[in-house]
Asker: 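I have a structure I would like to understand better, so I am pasting it below and will then ask my questions one at a time.
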Amino acid sequence: MEKVIIIRYSEIHLKGKNRGYFERVFGINLEKSLKGIRHEIHRGSGRYLIENFDEAQSELILQKLSKVFGVHSMSIALKVPTDMDSIFCAAKTVGPMNGTFKVETHRADKSFKLNSMEISAEIGGRLLSENHNLKVDVHSPQHTIQIDLREDGSTLVFNEFFKGAGGMPVGTAGKGLLLISGGIDSPVAGHMIAKRGMNIECVHFHSYPYTNLQARDKVIELAKVLSQYSCGTKLHIVSVTHIQEEIHKKCNGDYMVTILRRFMMRIAERLAIKTGAQCIITGESLGQVASQTIEGITTSNDVIGKLPVLRPLCGFDKDEIIERSRAMGAFEISIQPYEDCCTVFLPKHPVIRPTVQDVLNEEAKLDVESLIEEAFKSIETYNL
Ligand code: ATP
Ligand code: MG
């Protein structure tokens with residue numbers, strides 16, 4: 001009896017004519033997630049099977065697969081030849097020692113001499129006669145033994161479904177550039193968009209030496225967490241130190257965050273176009289802080305010329321975001337203390353409802369274009 005892992009996919013099957021494409025990308029992503037772990041992947045109808053792995057690594061494999069978008073559910077199954085004795089033996093192994101149970105059979109192999117009902121009845125009956133601590137309950141059993149007769153003469157027997165990450169295979173919905181800070185929100189925003197099938201590249205702005213190198217390392221760690229879901233990612237790190245110094249020197253300090261945000265958005269859009277990203281993603285949530293009022297978002301969005309800006313967290317409360325941050329495994333990193341570049345030169349009374357005209361008046365005191373060019377020269381890129 002060989003142990004295998006069944007992977008069922010979620011929305012992919014809805015994609016009609018594109019189904020082949022979605023399945024191919026999904027298969028590549030599964031392979032990537034199991035890189036370095038001995039295994040074989042076989043594609044069957046409507047599912048993938050992982051075979052020939054070290055049984056001691058089953059948990060590790062499930063854990064890796066649980067981060068692959070597109071996976072609906074997974075089961076660890078026993079694979080046996082399609083004959084009643086082998087199926088019974090497998091059912092006994094995966095089945096319970098006591099309590100109530102039922103047997104469910106799915107028969108892709110229609111040539112088999114017994115139909116689904118007959119197989120379930122016979123296996124159930126044999127289990128009962130061997131173990132008097134078992135009882136059949138077809139309505140609300142404590143255990144359900146699943147028997148799946150495949151077309152290739154093999155049968156899969158299992159009793160558990162593990163929930164997958166859902167969503168669409170990463171790589172089927174283009175590429176976006178995520179503005180990633182060291183905070184809680186932006187990694188969650190990237191995770192949500194990756195879930196819909198988008199490749200994510202990241203950009204981070206720092207103000208070294210006003211911010212320390214640990215702040216940068218923390219962002220690298222966060223991008224690494226995200227990369228487990230997005231099949232790898234690139235992280236571009238940009239210095240905005242001189243930009244902040246210039247704003248501090250020449251502009252009304254209350255506009256620091258508003259103007260800096262506009263620089264970030266300008267640089268991000270240009271970088272996105274250069275790297276082939278089709279949108280910008282931020283972790284903004286409406287009204288969460290002063291710069292995220294609708295007026296704040298309007299002034300930062302105002303500098304965007306071509307690309308859409310996705311703000312998947314806009315309607316979320318902080319506690320909902322934290323829940324997602326924990327679930328994706330980013331929270332413990334996000335809450336480490338650090339200095340974001342926005343906290344350097346932070347005004348006591350940041351403008352909460354800036355107008356585009358007021359910001360333009362302040363920005364007129366700066367050489368915006370040369371500051372952007374200078375920031376571009378500082379970009380360091382990491383492959384994660
Ligand atoms: P986060 O938890 O993601 O830091 P936040 O609640 O602290 O968000 P802000 O600091 O106002 O909110 O940032 C809003 C969004 O702007 C962030 O979610 C992120 O997308 C982007 N952002 C902020 N600071 C940076 C930075 N230093 N580098 C890159 N993007 C940033
Ligand atoms: Mg922040």
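Numbering of ligands and ligand atoms starts at 1, following listing order. On a predicted model such as this, the values are computed, not experimentally measured, just so you know.
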Asker: Can you figure out which of H206, H204, E284 has its heavy atom closest to atom 15 (C) of ligand 1?
Answerer: E284
Asker: Report yes or no: is the cationic atom of R38 (NZ for Lys, CZ for Arg) closer than 6.0 Å to the six-membered ring centre of F53, at no more than 45° off its axis?
Answerer: no
Asker: Of the non-hydrogen atoms in P347 and V257, which two are nearest, and what is the gap between them?
Answerer: CD-CG2, 4.2 Å
Asker: Pairs of nitrogen or oxygen atoms closer than 3.5 Å, one from I281 and one from ligand 1: do any exist?
Answerer: no
Asker: Could you give the side-chain donor-acceptor pairs of residues 314-322 under 3.5 Å, partners two or more places apart or in another chain?
Answerer:
unit_1	atom_1	unit_2	atom_2	d
K318	NZ	D185	OD1	2.9
K318	NZ	D185	OD2	3.1
E320	OE1	D317	N	2.7

Asker: Can E246 and H248 be counted as having a side-chain donor-acceptor contact under 3.5 angstrom?
Answerer: no
Asker: With only distance considered, is M264 within less than 3.5 Å of ligand 1 through an N or O on each side?
Answerer: no
Asker: Considering the heavy atoms of I184, write down every atom of ligand 1 situated less than 4.0 Å from one of them.
Answerer: 2 (O)
Asker: Of the backbone atoms (N, CA, C, O) and the side-chain heavy atoms from C-beta on, which set of V203 has a member under 4.0 Å from an atom of ligand 1: side chain, backbone, both, or neither?
Answerer: backbone
Asker: Provide the number and element of each atom of ligand 1 under 4.0 Å from a heavy atom of D185.
Answerer: 1 (P), 2 (O), 3 (O), 5 (P), 6 (O), 8 (O)
Asker: Taking the six-membered ring for Trp, are the ring centroids of Y9 and Y48 within less than 6.0 Å of each other?
Answerer: yes
Asker: Determine whether the side chain, the backbone, both or neither of I180 has a heavy atom under 4.0 Å from any heavy atom of ligand 1.
Answerer: backbone
Asker: Would you kindly check if the NZ (Lys) or CZ (Arg) of R266 is within the cone defined by 45 degrees around the ring axis of F263 and under 6.0 Å from the six-membered ring centre?
Answerer: yes
Asker: Can you sort out which atoms of ligand 1 are near T282, meaning under 4.0 Å from one of its heavy atoms?
Answerer: 20 (O)
Asker: Output the list of atoms in ligand 1 that are nearer than 4.0 Å to some heavy atom of G183, sorted by atom number.
Answerer: 1 (P), 2 (O), 4 (O)
Asker: Centroid-to-centroid, H191 to F69, below 6.0 Å?
Answerer: yes
